Amino acid sequence: SNLLAACTMARVLGMDMECIARGIAKVAPVEHRLELLRTQGGFTVIDDAFNANPKGADAALEVLRGFPGRRIIVTPGFVELGTEEASYNRAFGEHMAECVDIAILVGRRHTEPIAQGLRAKGFPEDALHIVGSLDEASALLAQIRRPGDVELYENDLPDNYQE
């Protein structure tokens, strides 16, 4: 939306479309913020691992929903949201149930509200995986991923986080 607003303003200020297009071609994605990564294995990674918040995570789920193929999320959910953290994570799980085919939750205790939200919306139990670490998530993905899959990495745990 920011890019669209900048293009609109450039047009209002009299820039021609070719000049605007040349400028857009130079725009690089911000690392770890809905960064689209193509892989050698024929699957796509959406890296949204930097500092998730509820609104941003909801937007990332909607982006994922728009992709064809099997949609996979890898997430620890939200941390550091105080007394509202569990309710935000449960709502995240409920929304996730509408957008993903496979959910890999990182953190056995911390992600329980997400799992509750997924289950409340009828998410298939065999598509829900709860692992203890990102290494376990990576090992699981190596076993189940296939060409055409789209993987969303949503949030990363802070360095000082201990479950």
Side-chain angles (χ1 to χ4, degrees), residues 1-11 17 20-79 81 84-85 87-107 110-111 113-131 134 136-157:
S1 62
N2 290 339
L3 190 56
L4 180 59
C7 292
T8 301
M9 183 54 68
R11 194 74 180 120
M17 294 302 282
I20 294 170
R22 281 194 307 273
I24 290 172
K26 296 177 185 176
V27 175
V30 178
E31 285 186 353
H32 311 296
R33 303 234 186 209
L34 286 179
E35 185 178 8
L36 190 62
L37 307 169
R38 302 276 181 202
T39 68
Q40 298 258 342
F43 59 94
T44 300
V45 171
I46 303 171
D47 178 359
D48 199 39
F50 185 77
N51 198 19
N53 62 71
K55 286 187 179 182
D58 282 345
L61 285 173
E62 290 303 317
V63 168
L64 180 62
R65 187 197 307 234
F67 276 81
R70 197 169 62 155
R71 297 170 307 243
I72 302 169
I73 188 167
V74 179
T75 185
F78 307 120
V79 296
L81 290 181
E84 300 298 314
E85 184 174 291
S87 63
Y88 280 121
N89 276 318
R90 182 178 170 97
F92 184 39
E94 290 173 359
H95 188 189
M96 196 182 296
E98 302 168 359
C99 302
V100 308
D101 301 299
I102 297 173
I104 301 174
L105 308 182
V106 181
H110 179 78
T111 59
I114 301 170
Q116 290 171 359
L118 284 160
R119 289 179 181 120
K121 292 294 184 175
F123 194 76
E125 198 67 36
D126 64 343
L128 172 58
H129 305 275
I130 302 172
V131 299
L134 186 56
E136 286 182 48
S138 296
L140 176 61
L141 278 168
Q143 293 174 1
I144 66 171
R145 82 166 44 109
R146 58 187 186 222
D149 286 352
V150 182
E151 301 170 9
L152 170 62
Y153 289 82
E154 185 62 34
N155 205 8
D156 190 9
L157 290 173

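Note that these values count all heavy atoms, side chains included, but never hydrogens, waters or copies made by symmetry. For the single chain, residues carry numbers from 1 onward in sequence order. Every value quoted in this text rests on a predicted model; they were computed, and no experiment measured them.
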What pair of heavy atoms forms the shortest contact from Asp48 to Gly56, and how long is it? OD2-O, 4.3 Å
Measuring from Thr44:OG1 to Leu152:CG, what's the distance to the nearest 0.5 Å? 12.0 Å
Closest non-hydrogen atom pair between Pro68 and Val150, with its separation: O-CG2, 3.7 Å
Value rounded to 0.5 Å, distance of CD1 in Ile72 from CD1 in Ile46: 11.0 Å
Which heavy atom of Pro76 sits nearest to which heavy atom of Thr111, and what is that distance? O-CG2, 3.6 Å
Please give me the minimum heavy-atom distance between Pro54 and Tyr88, naming the atom from each residue. CG-CD2, 3.5 Å
How many angstroms lie between OG in Ser138 and CZ in Arg145, if you round to the nearest 0.5 Å? 7.5 Å
Can any side-chain N or O of Asn155 pair as donor or acceptor with the backbone N or O of Gly77 at less than 3.5 Å? yes
Side-chain touch Leu128/Leu105, heavy atoms, less than 4.5 angstrom: yes
Nearest 0.5 Å, please: how far is CE in Met96 from CD1 in Ile114? 5.0 Å
Taking the side chain from Asp58 and the backbone from Lys55, do they hold a donor-acceptor pair closer than 3.5 Å? no
Close side-chain approach of Val131 to Ile104, heavy-atom, < 4.5 Å: yes
Take Glu94 and Gln116 through the test side-chain contact (heavy atoms from CB on, under 4.5 Å) and record every step on the way to the result. CA-CA 8 Å; Glu94 290 173 359; Gln116 290 171 359; over 6 Å; no
Give, for atom CG of Leu141 and atom CZ of Arg146, the distance between the pair rounded to the nearest 0.5 Å. 12.5 Å
Just jot down the ring-ring contact (aromatic ring centres under 6.0 Å, His included) partners of Tyr153, sequence neighbours excluded, or say none. none
Between the side chain of His110 and the main-chain N/O of Phe78, is any donor-acceptor distance below 3.5 Å? yes
Using only atom types and a distance under 3.5 Å, with no angle test, would you say the side chain of Thr75 pairs donor to acceptor with the backbone of Glu154? yes
Main-chain N/O of Cys99 paired to Arg71 side chain as donor or acceptor, under 3.5 Å: yes
Is atom CZ of Phe43 surrounded by more than 12 heavy atoms (other residues, nucleotides or ligands) closer than 6.0 Å? yes
Atom of Gly107, atom of Ile130 and distance for their closest heavy-atom approach: O-CG2, 3.9 Å
How close do Leu134 and Val106 get, heavy atom to heavy atom, and via which atoms? N-CG1, 3.8 Å
Using a strict threshold of under 4.0 Å (side-chain N to carboxylate O), is an ion pair present between Asp101 and Arg70? no
Could you check whether His129 and Glu136, counting side-chain N and O atoms only, form a donor-acceptor pair closer than 3.5 Å? no
Flag the pair Phe92 / Leu61 as yes when at least one side-chain heavy-atom distance between them is below 4.5 Å, and no otherwise. yes
For salt bridge (Lys or Arg N to Asp or Glu O under 4.0 Å), just list the numbers for Arg119 and Glu125, CA-CA rounded to whole Å, side-chain angles, deciding distance to a tenth of an Å, and then say yes or no. CA-CA 8 Å; Arg119 289 179 181 120; Glu125 198 67 36; 2.8 Å; yes
